[in-house]
Amino acid sequence: MSDTSHSNVMKPVDTPELRQLYADFEAEHLMPLWTQIDDIMPVMPNPKATPHVWKWSRLFPLAERSGQLVPVGRGGERRAIGLANPGLGGKAYVTPTLWAAIQYLGPRETAPEHRHAQNAFRFVVEGEGVWTVVNGDPVRMSRGDLLLTPGWHFHGHHNDTDHPMAWIDGLDIPFSYQNDVGFFEFGSDRVTDYATPRFSRGERLWAHPGLRPLSSLQNTVSSPLGAYRWEFTDRALTEQLLLEDEGQPATVEQGHAAVRYVNPTTGGDIMPTIRAEFHRLRAGTTTPPRREVGSSVFQVFDGAGSVILNGSETKLDKGDLFVVPSWVAWSLRAETEFDLFRFSDAPIMERLHFARTQIVGTGALT
């Protein structure tokens, strides 16, 4: 599966009559398939998005400078800096379906409440002291935590400390924009609750493994659990590797533990358009190169290693982000124990039955 063109397509003879036909097509806003089939119907995915790595050591100082120069408030709403994929023509899209950004909130600042149709999450690679208030429920943000803001939930953020904090945002903005499904509404100019509880009301109800409140038996499209805490993620990954040491089939691959964050009401993905995972590799582990339909973004949470994207290897350190466009071959190599957060558009691809995976070199598709 290496050919990306329709090499045997018959081409019409270039004549004045053919050129006039094409001119008449254009006048009627028509486009013949035979002139564009290589672009719109390739023999395998041929993404315009390109693999790319963003270094945290360069991103964070830019976010700090934005904090000094750009206020947070109505109009801009958020001090969020989108990762613009070099192949997507200057749009602030990391892939055709996903948006990723670094968001920065200064000391004692408040980002006002709003809501939108797009689904969103936040992942914290460093720091604490900010609470995100989702539909009136204050949720603590700390290192290693995944925080959810499902579509059409009011949300704002407040920093209760004298030091700034940054995190990454992930949303389905490009998918929503392309399909004209977006709505947006302003909320309070502040946030509805400035409390700073250790655990949100959603966690107190839902963060008990294997237990579901009888007061909430109806399944929800997105997870009602607003925060997935690092202590539980870390423990789950640690136990997988310990079981592997005991000879149990607990890991994805030898030396590679991984978990998926799930909606406790369904066991499915946390939101209808976004999948979130966490991966841990033992030092010295290299994952088999694979291709997948759909796109992913990774952020290094801890450790050192590298990513190989279409055969090109880039060293990675804490905080670095990289994008894997559809059908780009990728693998990971760990120098030390290597922890990475991942999010993707897999729920969209699976629901529409477009999802495919290939381990490079085998030729087989799953």
Check your understanding: Cut-off 3.5 Å, side chains only: do T238 and R280 have a donor facing an acceptor?
Key -> yes
The single option from P288, S306, P289 that satisfies side chain to side chain contact (heavy atoms under 4.5 Å, CB included) with S331 is P289
Report yes if some heavy atom in the side chain of R333 is under 4.5 Å from a heavy atom in the side chain of T287; otherwise report no. no
Practice item. Please state whether the rings of F184 and F186 are parallel, tilted or perpendicular, taking 30° and 60° as the class boundaries. Key: perpendicular
Cluster link L88 to V323, ILVMFWY, side chain under 4.5 Å
no
Value for NE2 (H114) from CZ (F154), rounded to nearest 0.5 Å, stands at 10.0 Å
Say whether, by atom type as modelled, one donor and one acceptor occur between the side chain of R78 and the main chain of P112 under 3.5 angstrom. yes
Practice task
Would you kindly say whether T132 and H157 are connected by a side-chain donor-acceptor distance under 3.5 Å?
Solution key: yes
Go through the side-chain N and O atoms of T192 and E113 and say whether any donor and acceptor fall under 3.5 Å apart.
-> yes
- Connected via hydrophobic side-chain network under 4.5 Å: L83 and F343: yes
Output for pair (T95 OG1, H52 NE2), nearest 0.5 Å, gives 14.5 Å
Side-chain donor/acceptor of D160 to backbone N/O of T196, under 3.5 Å:
no
Problem set entry | Residues R229, E203: salt bridge by 4.0 Å N-O rule | yes
Heavy-atom count check: over 12 atoms from other residues, nucleotides or ligands less than 6.0 Å from R351 CZ? no
Problem - Within one Ile-Leu-Val-Met-Phe-Trp-Tyr cluster: I274 and V125, side-chain cutoff 4.5 Å - result: yes
Closest non-hydrogen atoms of R282 and D245, given as atom of the first, atom of the second and distance, are NH2-OD1, 2.6 Å
Output for pair (Y93 OH, L171 CG), nearest 0.5 Å, gives 12.0 Å
Between G136 and R201, the two heavy atoms sitting closest are O-NH2, 2.6 Å
(request) Please indicate whether Q178 has more than 12 foreign heavy atoms, meaning atoms of other residues, nucleotides or ligands, lying under 6.0 Å from its CD. (result) no
Fill in: R143 to F301 six-membered ring, cation-pi geometry met (6.0 Å, 45°)
yes
| field | side-chain contact (heavy atoms from CB on, under 4.5 Å) between L33 and M41, intermediate numbers included | value | CA-CA 9 Å; L33 174 64; M41 296 183 71; 4.2 Å; yes
Original post:
Just wondering, more than 12 heavy atoms not from R65 lying within 6.0 Å of its CZ?
Top reply: no
| task | Determine whether more than 12 heavy atoms belonging to other residues, nucleotides or ligands lie under 6.0 Å from atom CZ of F183. | result | no
Would you say the side chain of W327 lies within less than 4.5 Å of the side chain of Q358, judging by non-hydrogen atoms? yes
Heavy atoms of F338 and G305 approach each other most closely as CE1-N, 3.5 Å
Next on the checklist: Contact between P96 and P174 at the side-chain level, heavy atoms closer than 4.5 Å - yes or no?
Outcome noted: no
Which of N263, L211, L225 passes side chain to side chain contact (heavy atoms under 4.5 Å, CB included) with W206? It is L225
Closest heavy-atom pair, M165 versus G127, reported as atoms and distance to 0.1 Å, is CE-O, 3.7 Å
Quiz item: So do the side chains of M349 and E292 get within less than 4.5 Å of each other, counting heavy atoms only?
Solution: no
Review point. With no hydrogens and no angle check, is any side-chain donor or acceptor of R275 less than 3.5 Å from a backbone partner on D269?
Key: no
Could you tell me if the side chain of W56 sits less than 4.5 Å from the side chain of K318, heavy atoms only? no
Original post:
Does one hydrophobic cluster hold both L148 and V259, with members joined at side-chain heavy-atom distances below 4.5 Å?
Top reply: yes
ask   = For the residue pair H116 and H155, does the interplanar ring angle fall in the parallel (under 30°), tilted (30 to 60°) or perpendicular (over 60°) class?
value = perpendicular
Problem - Short side-chain to backbone donor-acceptor contact, E244 and G255, under 3.5 Å - result: yes
Between H153 and R115 the two heavy atoms that sit nearest each other are O-CB, 3.4 Å
>> When you compare the side chain of Q254 with that of T285, does any pair of heavy atoms fall below 4.5 Å?
In response: no
(message) Between N159 and T161, is there a side-chain donor-acceptor contact under 3.5 Å, judged purely by atom types and distance?
(response) yes
**Asked** Can a donor-acceptor pair be found between the side chains of S66 and R79 at a distance below 3.5 Å?
**Response** no
Do N119 and T273 have side-chain atoms, one donor and one acceptor, less than 3.5 Å apart? yes
In the single-linkage hydrophobic clustering (I, L, V, M, F, W, Y; side-chain heavy atoms under 4.5 Å), do L98 and L146 co-cluster? yes
Within 6.0 angstrom of K91 NZ, more than 12 heavy atoms from elsewhere:
no
Measure the shortest side-chain to side-chain distance between T251 and Q240 over non-hydrogen atoms and say whether it is less than 4.5 angstrom. yes
Within the side chain of R204, is there an N or O that forms a donor-acceptor pair under 3.5 Å with the backbone of F199? no
Query - Distance-only side-chain donor-acceptor flag, Y261 / S223, under 3.5 Å - result: no
How about F341 and F121: are their ring centres within less than 6.0 Å of each other? yes
In short, P272 meets V221 closest at the heavy-atom pair CG-CG1, 3.7 Å
Within the side chain of D234, is there an N or O that forms a donor-acceptor pair under 3.5 Å with the backbone of W230?
no
| More than 12 heavy atoms from other groups under 6.0 Å of CZ on F354 | no
Worksheet item: Quick one: do the Q118 and S176 side chains pair a donor with an acceptor below 3.5 Å?
Response: no
### Query
Taking C-beta and beyond as the side chain, do S295 and S344 meet within less than 4.5 Å on heavy atoms?
no
In W54, W330, F123, the residue satisfying ring-ring contact (aromatic ring centres under 6.0 Å, His included) with F298 is W330
**Side-chain donor or acceptor of T362 paired with backbone N/O of I359 under 3.5 Å** = yes
- Item | Neighbour count above 12 (heavy atom, 6.0 Å) for Y177 OH | no
Apply side-chain contact (heavy atoms from CB on, under 4.5 Å) to F60 and Y104, showing your working. CA-CA 9 Å; F60 189 74; Y104 186 91; 4.3 Å; yes
Next on the checklist: If you count heavy atoms of other groups shown closer than 6.0 angstrom to CD of E231, is the number above 12?
Outcome noted: yes
